[in-house]
Amino acid sequence: ATEAGNIFVAADALYTVSDTHVNAYFDPQELERKLRERLNRDTNDLNAYIELADIYHHVTRNADALIELNRGLAIATKIKDDPKIVVAITDMQTRKFDALCALGEASRKSSESAKPNLAAASEYYKNALAVALLPGLPLDLPVSALRALADIAAECGALDTAVGYYQQI
């Protein structure tokens with residue numbers, strides 16, 4: 001039998017190393033705790049808001065990601081004169097778009113405990129579209145939001161509305 005590899009713990013990660021692979025495993029709760037500590041020390045730490053939103057997005061806590069991104073954006077817009085802040089704002093807005101789309105997609109899906117909520121999904125995608133139209137964001141973002149809105153309208157039988165969204169693409 002071949003050796004399975006070695007296990008190492010460094011910083012906040014568990015690493016497994018073999019001849020062909022290196023894998024890293026993180027504890028999201030521990031990362032969240034450390035980022036909260038950073039934000040308690042410095043509420044203007046925009047990277048901490050971004051990293052916290054990324055963790056929430058990774059573990060499908062997109063509503064929490066959206067909250068943190070909105071907090072970070074509120075702070076960033078107050079100090080927007082620094083060129084680094086402009087990059088952070090664009091980064092947070094792009095992540096906000098992603099979180100809104102993830103919430104929209106989750107609302108479109110049914111589960112054992114809930115039916116699809118197409119009205120909520122549509123609202124999330126409308127908000128995502130508003131974010132996507134902000135200056136400096138990738139040009140393909142509005143297309144994604146409009147396509148999702150058109151699909152939802154078609155699912156609801158509102159074909160004229162669906163066509164209207166498709167025409168905007």
Checking the side chain of [X] only, and the main-chain atoms of [Y] only, is there a donor and an acceptor separated by less than 3.5 Å?
{"X": "Thr90", "Y": "Val86", "result": "yes"}
{"X": "Asp45", "Y": "Ala48", "result": "yes"}
{"X": "Ser122", "Y": "Leu118", "result": "no"}
{"X": "Tyr165", "Y": "Ile152", "result": "no"}

Charged N to carboxylate O below 4.0 Å: is that the case for [X] and [Y]?
{"X": "Lys34", "Y": "Glu37", "value": "no"}
{"X": "Glu32", "Y": "Arg61", "value": "yes"}
{"X": "Arg36", "Y": "Glu68", "value": "yes"}

Exercise. Would you please test Asp151 and Tyr166 for side chain to side chain donor-acceptor pair (under 3.5 Å) and show each step?
Key: CA-CA 9 Å; Asp151 291 346; Tyr166 279 124; 2.6 Å; yes
Quiz item: Are Ile50 and Leu73 connected, step by step, through hydrophobic side chains (Ile, Leu, Val, Met, Phe, Trp, Tyr) whose heavy atoms are closer than 4.5 Å?
Solution: yes
Closest heavy-atom contact between [X] and [Y]?
{"X": "Ala154", "Y": "Ala162", "answer": "N-CB, 3.8 Å"}
{"X": "Leu103", "Y": "Ala63", "answer": "CD2-N, 3.8 Å"}
{"X": "Cys101", "Y": "Ala128", "answer": "SG-CB, 3.9 Å"}

Quiz prompt | From CA spacing to verdict: side chain to side chain donor-acceptor pair (under 3.5 Å), His57, Asn62 | solution = CA-CA 5 Å; His57 184 71; Asn62 292 296; 2.6 Å; yes
Practice problem: Mind running side chain to side chain contact (heavy atoms under 4.5 Å, CB included) on Glu105 and Tyr125 for me, showing each step along the way? | Solution: CA-CA 9 Å; Glu105 188 60 31; Tyr125 283 114; 3.3 Å; yes
Quiz prompt | Separation between CG of Asn117 and CZ of Arg108, rounded to the nearest 0.5 Å | solution = 12.0 Å
Quiz prompt | Candidate pair Leu69 and Tyr49, rule side chain to side chain contact (heavy atoms under 4.5 Å, CB included), full reasoning | solution = CA-CA 6 Å; Leu69 290 166; Tyr49 289 105; 5.9 Å; no
